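Below you'll find the structure, written out as structure tokens, and then a few comments.
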Amino acid sequence: MKNILFDRIDEFARTKAFQHHAPGLVTAMKGPDREKHTMCYGFSDIAKGIPVTENTCFAIGSISKIFTATIILTLCEAGELNLESPVSNYFHDLRGTIFDKITLHHLLSNSTGISTLGYAERSLFRQIDSGNSMNAPSNDKEDDLMESLMNAHQWIISEPGEKFTYLNEGYSLLHRLIENVTGISYEKNLEKSIFAPLKMKNTFFQGNSGYSKAEIATGYSVIEGESPMPVQNFGKTSGHGGIYSNVVDMASFLEMMVHQGTHEGKMVVDPSVVENLGKCHVKVESSQIGSSGTEKVENLFYGYGLNIDSNFFGEKLLSHGGSVFLYTSYFGYLPKNGSYFISFCNTSAYPLGNIGKYALSTMNGEDPGKLNFIRNESLIGELSGTYVSYRQTLRVTVSQHGSYLLLKPNYSSESVLLVPEQLDGTRAVYFTLQGYTKIYAVFTKNTDG
């Protein structure tokens, strides 16, 4: 691959990191021609002046789900578990509940029909702010996952298998199931089955030996106009999002995935497991703002611990992102040609998935300008400025605010938030609310630009 493509991707990533005040960012990628490239930006620790490197470890959040799913499918392949068995078959406390209808397949594919229960978030809140009565549990039962799940029927929004409903607690339950079936801890299962064979020496959980020795990026709260504020690392969580890693180790995992479970000539994961992880198990309902207004996106699905775009420039894109407090993460790969992209950041800034899609399209010779978010960002950027009425009686200043616009008129100190409804190359339709009535602001581009 010509270095100019990597340079273009680096420039895009650095620009977004700078614009969104990201303290540190690291990316790693491989093109369809197997050439690899890593880019490091900013600081792992601002106060100490420690730069981000490819060895810097980050909390990867929900990317952890792909590892949990891999272990579960491996146990199914060995006959220890059955994907179509009700969850209550494995947890007696859940017999007589909605989990008589929910199967392991539903947990893995986030299609239980249960809206999020907040158990995982409550656990994390308690660890960072145990003195806050709003976050701390009122009794010991609230600490128990089973106690939370026994009344989950009250939060059902669809029948199991009908809809995609993201549920961290489902993966927490899979974590427990792995331990119950194997008789060893979730952490040791991953270390034995995945981390050690793939030589992922810098992938670990908070509190174990790897954590104390690793170079871990400090997480930062970034508020516009203020200096980044460091925050303490989150505590240990379960199978939905408790892992730390770096781009070197994640690249090893993706290399194994694109080679159908094989690493350095040895089979680490059965090819049937890799195939099942990437199947389109449930449709993900999604919409985007486009030239005709709100448009349904028909090509998004969830596999087992993987998001799936079945038509990314005609190819299948498998990916997942993660966010745990102020750490964000993303990986995406095209199984057909083996190209991949990984990125970690120590704050919540510009969506890393957008950088990933830009990178993957660029590496594969596609025009990233065709991506919906790129088109919209380009148009929104052009809308900022000062607008005046006939004879300049009225004057308004328009500025970009993420995906929105802020409009400030000369006759008021208040700004109006404008929400996009329709965007194309020459016309942008935004609205605000006055009472319960939509008030529109329409921008049109003249022929002279």
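The structure displayed is predicted, hence computed values, not measured ones.
For the pair F164/L300, no side-chain contact is recorded, criterion being any heavy-atom separation below 4.5 Å from C-beta on. Contact annotation: the side chain of D45 approaches that of Y220 to within less than 4.5 Å [non-hydrogen atoms, C-beta and beyond]. At least one side-chain heavy atom of L94 sits less than 4.5 Å from a side-chain heavy atom of M150. Within the 4.5 Å cutoff, the side chain of N376 has no heavy atoms near those of the Q288 side chain. Proximity of S245 to F58: side-chain heavy atoms (C-beta onward) are nowhere separated by under 4.5 Å. Contact annotation: the side chain of F6 approaches that of E35 to within less than 4.5 Å [non-hydrogen atoms, C-beta and beyond]. Residues E187 and E179 form a side-chain contact, since some pair of their non-hydrogen atoms from C-beta on lies under 4.5 Å apart. Looking at heavy atoms from C-beta onward, I71 lies in side-chain contact with L190 at the 4.5 angstrom threshold.
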(message) As a quick check of understanding, evaluate side chain to side chain contact (heavy atoms under 4.5 Å, CB included) for E191 and F204, giving each step before the final call.
(response) CA-CA 8 Å; E191 289 166 3; F204 49 83; 5.8 Å; no

(message) Would L177 and F91 count as a side chain to side chain contact (heavy atoms under 4.5 Å, CB included) here? Give the steps.
(response) CA-CA 8 Å; L177 182 57; F91 296 97; 3.8 Å; yes

(request) Go through the steps to decide whether K16 and L25 satisfy the test side chain to side chain contact (heavy atoms under 4.5 Å, CB included), and finish with yes or no. (result) CA-CA 10 Å; K16 296 303 181 184; L25 175 77; over 6 Å; no

(message) Before you tell me yes or no, could you show the steps for I63 and I243 under side chain to side chain contact (heavy atoms under 4.5 Å, CB included), namely the whole-Å CA-CA distance, both residues' side-chain angles and the distance that decides it to 0.1 Å?
(response) CA-CA 8 Å; I63 287 180; I243 296 174; over 6 Å; no

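Atoms NZ and CG, on K65 and N168 in that order, are 4.0 Å from each other to the nearest 0.5 Å. Rounded to the nearest 0.5 Å, atoms OG1 (T74) and CD (E77) are 8.0 Å apart. Between M29 atom CE and I9 atom CD1 the span is 5.0 Å, to the nearest 0.5 Å. One finds the CG atom of D33 at 9.5 Å from the CG atom of N364 (value rounded to the nearest 0.5 Å). Separation of atoms CD1 (I114) and CD1 (I157) is listed at 9.5 Å; rounding is to 0.5 Å. Note that OG1 of T15 is 10.5 Å distant from OH of Y350, once rounded to the nearest 0.5 Å.
Between I355 and A13, the shortest heavy-atom distance links the atoms CG2-CB, 3.9 Å. When all heavy atoms are compared, the tightest approach of Y41 to A22 is CE2-O, 3.5 Å. The two atoms that bring T56 and N246 nearest to each other are O-CB, 3.1 Å, heavy atoms only. Pairing each heavy atom of C345 with each of G24, the nearest pair is SG-O, 3.2 Å. The nearest pair of heavy atoms linking A217 to S44 is CA-OG, 3.3 Å. When all heavy atoms of K279 and I308 are compared, the pair lying nearest together is O-CD1, 3.1 Å.
Looking only at atom types and distance, the side chain of H175 has no donor-acceptor partner in the side chain of S172 under 3.5 Å away. There is no side-chain donor-acceptor pair under 3.5 Å between S64 and Y171. Judged by distance alone, the side chains of N299 and S310 never bring a donor and an acceptor atom under 3.5 Å apart. Neither side chain, S148 nor E169, offers a donor N or O lying under 3.5 Å from an acceptor on the other. There is no side-chain donor-acceptor pair under 3.5 Å between K188 and S185.
Looking only at distances, a side-chain donor or acceptor of R375 sits under 3.5 Å from a matching main-chain atom of K370. Put simply, the side chain of T347 never gets that close to the backbone of A349: no donor and acceptor are under 3.5 Å apart. Looking at S339, its side chain never comes within 3.5 Å of a backbone N or O of P32 through a donor-acceptor pair. Checked by atom type and distance alone, the side chain of S329 pairs as donor or acceptor with a backbone atom of I60 at under 3.5 Å. For N110 (side chain) and L167 (main-chain N/O), a donor-acceptor pair under 3.5 Å exists by modelled atom type. Using modelled atom types, no side-chain atom of T27 and backbone atom of C40 make a donor-acceptor pair closer than 3.5 Å. Between the side chain of D100 and the backbone N or O of P86 there is no donor-acceptor pair closer than 3.5 Å. For the pair S361 (side chain) and K357 (backbone), a donor-acceptor distance under 3.5 Å is present. A donor-acceptor distance shorter than 3.5 angstrom exists from the side chain of D249 to the backbone of T203, with no hydrogens or angles considered. Under the 3.5 Å distance criterion, the side-chain polar atoms of Q422 are matched with a main-chain donor or acceptor of S291.
Taking the six-membered ring for Trp, F331 and F253 have ring centres at least 6.0 Å apart.
The 12-atom threshold is exceeded at CZ of F373, counting heavy atoms of other residues, nucleotides or ligands nearer than 6.0 Å. Other residues, nucleotides and ligands contribute more than 12 heavy atoms inside 6.0 Å of the CD atom of E382. Within 6.0 Å of atom CE in M229, 12 or fewer heavy atoms from other residues, nucleotides or ligands are found, so the atom counts as exposed in its surroundings.
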What donor-acceptor contacts under 3.5 angstrom involve side-chain atoms of residues 311-325, with partners at least two apart or in another chain?
residue, atom, partner, partner atom, Å
N311, OD1, G314, N, 3.0
K316, NZ, G278, O, 2.7
H320, NE2, Y302, OH, 2.9

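Every residue was checked against the ring-ring contact (aromatic ring centres under 6.0 Å, His included) condition with F341, not counting sequence neighbours, and none meets it. Checked against ring-ring contact (aromatic ring centres under 6.0 Å, His included), Y304 has the following partners two or more places apart in sequence or in another chain: H105, H281.
Taking the six-membered ring where the residue is Trp, F205 and F195 present tilted rings, their angle falling between 30° and 60°.
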